Chemist: 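Structure below; questions to follow.
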Amino acid sequence: MKKVILAVALLLSSVLSFGQINSDKKPTIQLVRNATLLIEYSGKKMLLDPMLSSKGAIDSWAGIQKNPTVELKIPIEEIVKGVDLVIVTHTHEDHFDQPASKILDKSIELIMQPADKDFFNKEGFVNATVLENQKVWNGITITRIEGQHGTGEVLAKMGKTSGFVLQAKKQPTVYIVGDAIWTEDVKKIIKKFKPDYIVVNSGGAVIKGYENTPILMNEEQTMTLIKESGKAKVITVHMDALDHCFTTRASLKKKAAELKISSDKLLIPDDGDIIQLSL
């Protein structure tokens, strides 16, 4: 009997130790490609905006070349392995594509904006949850933020998009802006949440026929955000992977150098890079 009790005690100790190690794991953000991120946060692995198509599998959006313009650097099986939650800002093909829909388990937990409810129902995801405003998931507070994906006629064509703020005990606050241009609303969100990190889609994308109307932040708008970012470090993504994105890592680095913005403040990861987050 004593041996059984000892065995159970050791098992419980092992489980508790594993849970402690898992929950104490350092938070990170890994850029997979474009806007696809793997986020380790509060002991959970989250996948944001999975576009898993191979190079050239999607038609051109600017008449230059097919998309995506680069291959994934991480095997798809590794990307989706052990994912606890999928978060989708909106369902444009560069944020959620058919390869992602096919490879992800249909029972995986998924958070989406209200506008995408019918899409995920049709795709057969049985644990997809509409996030109107805010929810607590496994100790992580997730707040949805409305984004503005362009202006005027372009905005009407682009439809609804969202960003998200992640908060948890002993974790840095992360504001994921999503596909959006710089607006006073973004400024207000920064002031309200005072994030430690802001992830910005800085590709400066445009659509054909509206080349003077950006649908994402470009170099100038990203610099404006940095000016208003407070204590936050700014992580820029959504570059060098699509033919309609004209802001590149190189052009962003050049603009930052002109304004003497340090690499500690502005982080420009390459595909596959992992950024360790801190308070």
Side-chain angles (χ1 to χ4, degrees), residues 31-37 48-73 89-97 147-163 176-183 185-187 198-229 234-261 263 265-273:
L31 174 60
V32 175
R33 182 185 59 188
N34 195 50
T36 304
L37 305 178
L48 179 84
D49 284 357
M51 177 184 70
L52 305 179
S53 293
S54 59
K55 180 181 178 181
I58 301 170
D59 287 342
S60 167
W61 292 318
I64 299 172
Q65 66 182 105
K66 289 188 174 183
N67 293 299
T69 60
V70 293
E71 290 285 10
L72 288 166
K73 287 190 174 180
T89 61
H90 64 306
T91 55
H92 288 167
E93 200 168 6
D94 57 329
H95 294 262
F96 193 90
D97 58 8
Q148 186 175 323
H149 204 354
T151 53
E153 290 181 38
V154 169
L155 179 58
K157 291 176 181 291
M158 299 310 293
K160 293 284 187 180
T161 186
S162 295
I176 300 163
V177 179
D179 271 12
I181 58 170
W182 171 259
T183 64
D185 287 337
V186 175
K187 183 177 177 179
I198 304 173
V199 181
V200 188
N201 293 355
S202 295
V206 297
I207 59 175
K208 288 184 73 173
Y210 297 89
E211 284 77 14
N212 294 320
T213 306
I215 58 176
L216 298 180
M217 293 192 208
N218 52 22
E219 296 93 342
E220 289 74 18
Q221 290 189 12
T222 301
M223 296 305 132
T224 300
L225 180 143
I226 291 170
K227 183 180 177 182
E228 301 291 346
S229 63
V234 177
I235 302 170
T236 54
V237 299
H238 209 307
M239 292 175 288
D240 299 315
L242 304 173
D243 78 330
H244 71 316
C245 290
F246 295 100
T247 296
T248 66
R249 293 183 180 102
S251 67
L252 200 60
K253 287 175 183 176
K254 181 180 178 182
K255 178 62 71 173
E258 290 172 2
L259 298 177
K260 295 181 171 55
I261 296 170
S263 57
K265 179 67 174 179
L266 174 60
L267 309 177
I268 309 175
D270 290 323
D271 292 353
D273 283 356

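Quick caveat, the model's predicted, so the values are computed rather than measured.
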Chemist: I'd like to know if the side chain of His92 and the backbone of Met158 have a donor-acceptor N/O pair within less than 3.5 Å.
Modeler: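 Checking the backbone N and O of Met158 against the side chain of His92, a donor-acceptor pair under 3.5 Å is found.
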Chemist: For a 4.5 angstrom cut-off between non-hydrogen side-chain atoms, does Val177 reach His238?
Modeler: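 SC-SC contact between Val177 and His238 ruled out.
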Chemist: Test side chain to side chain contact (heavy atoms under 4.5 Å, CB included) on His149 and Val154; report intermediate values, then the result.
Modeler: CA-CA 8 Å; His149 204 354; Val154 169; over 6 Å; no
Chemist: Is a side-chain N or O of Asn67 found less than 3.5 angstrom from the main chain of Asp59, in a donor-acceptor match?
Modeler: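 Looks like yes, one N/O pair under 3.5 Å.
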Chemist: Identify the residue among Ile268, Leu37, Val199, Ile235 that makes a side chain to side chain contact (heavy atoms under 4.5 Å, CB included) with Leu31.
Modeler: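 So, applying the side chain to side chain contact (heavy atoms under 4.5 Å, CB included) to Leu31 and each of Ile268, Leu37, Val199, Ile235, only Leu37 qualifies.
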Chemist: Can you check whether Gln221 reaches Asn218 side chain to side chain, under 4.5 Å on heavy atoms?
Modeler: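 They are in contact (side-chain heavy atoms under 4.5 Å apart), so the answer is yes.
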Chemist: What heavy-atom pair brings Ala256 and Leu266 nearest, and what distance separates the two atoms?
Modeler: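 Shortest heavy-atom separation between Ala256 and Leu266 comes out as CB-CD2, 3.6 Å.
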Chemist: Keeping the roles fixed (side chain from Thr248, backbone from Ser251), state whether a donor-acceptor pair exists under 3.5 Å.
Modeler: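 Indeed, once roles are kept as given, a pair shorter than 3.5 Å links the two residues.
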Chemist: Who pairs with Thr161 by side-chain hydrogen bond (donor to acceptor under 3.5 Å, both in side chains), at least two apart in sequence or on another chain?
Modeler: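 Testing Thr161 for side-chain hydrogen bond (donor to acceptor under 3.5 Å, both in side chains), a comparison that skips the adjacent residues, returns His90.
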Chemist: Excluding sequence neighbours, so at least two apart, what forms side chain to side chain contact (heavy atoms under 4.5 Å, CB included) with Ser60?
Modeler: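 In terms of side chain to side chain contact (heavy atoms under 4.5 Å, CB included), with neighbours along the sequence ignored, Ser60 is linked to Asp243.
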Chemist: Sequence neighbours excluded, which residues qualify as side chain to side chain contact (heavy atoms under 4.5 Å, CB included) partners of Ala241?
Modeler: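 Testing Ala241 for side chain to side chain contact (heavy atoms under 4.5 Å, CB included), a comparison that skips the adjacent residues, returns Arg33, Asn34, Val70.
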Chemist: Please report the closest heavy-atom contact between Pro269 and Val237, naming both atoms and the distance.
Modeler: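 Between these two residues, the closest heavy atoms are CG-CG1, 4.3 Å.
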Chemist: When you measure from the side chain of Glu71 to the backbone N and O of Lys55, does any donor-acceptor pair fall under 3.5 Å?
Modeler: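 Checking the backbone N and O of Lys55 against the side chain of Glu71, a donor-acceptor pair under 3.5 Å is found.
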Chemist: Tell me every residue that passes ring-ring contact (aromatic ring centres under 6.0 Å, His included) with Trp61, counting only those two or more places apart in sequence or in another chain.
Modeler: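 Partners of Trp61 by the ring-ring contact (aromatic ring centres under 6.0 Å, His included) criterion, ordered by chain and then number, come out as His244.
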Chemist: Using modelled atom types only, decide if a donor and an acceptor are shared between the side chain of Asp97 and the backbone of Ser53 within a distance under 3.5 Å.
Modeler: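 A pair under 3.5 Å: yes.
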Chemist: Given Ser229 and Lys265, is the side chain to side chain donor-acceptor pair (under 3.5 Å) satisfied, shown in steps?
Modeler: CA-CA 10 Å; Ser229 63; Lys265 179 67 174 179; 2.8 Å; yes
Chemist: May I ask you to test the Val200-Trp182 pair for a side-chain heavy-atom distance under 4.5 Å?
Modeler: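 Heavy-atom side-chain distance check fails, nothing below 4.5 Å.
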Chemist: Under the side chain to side chain donor-acceptor pair (under 3.5 Å) rule, what pairs show up with a residue in residues 198-215, not counting sequence neighbours?
Modeler: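 Side chain to side chain donor-acceptor pair (under 3.5 Å) check on residues 198-215 returns Glu153-Tyr210, Asp179-Asn201, Ser202-Thr222.
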Chemist: Can you measure from CD1 (Ile181) to CD1 (Ile215) and round to the nearest 0.5 angstrom?
Modeler: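 Nearest 0.5 Å value for the CD1-CD1 distance: 10.5 Å.
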Chemist: Report the distance from atom NZ of Lys255 to atom CD of Glu219, rounding to the nearest 0.5 Å.
Modeler: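 Here the interatomic distance stands at 7.0 Å.
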Chemist: Could you list the residues that satisfy side-chain hydrogen bond (donor to acceptor under 3.5 Å, both in side chains) with Thr224, not counting sequence neighbours?
Modeler: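 Not a single residue meets the side-chain hydrogen bond (donor to acceptor under 3.5 Å, both in side chains) criterion with Thr224.
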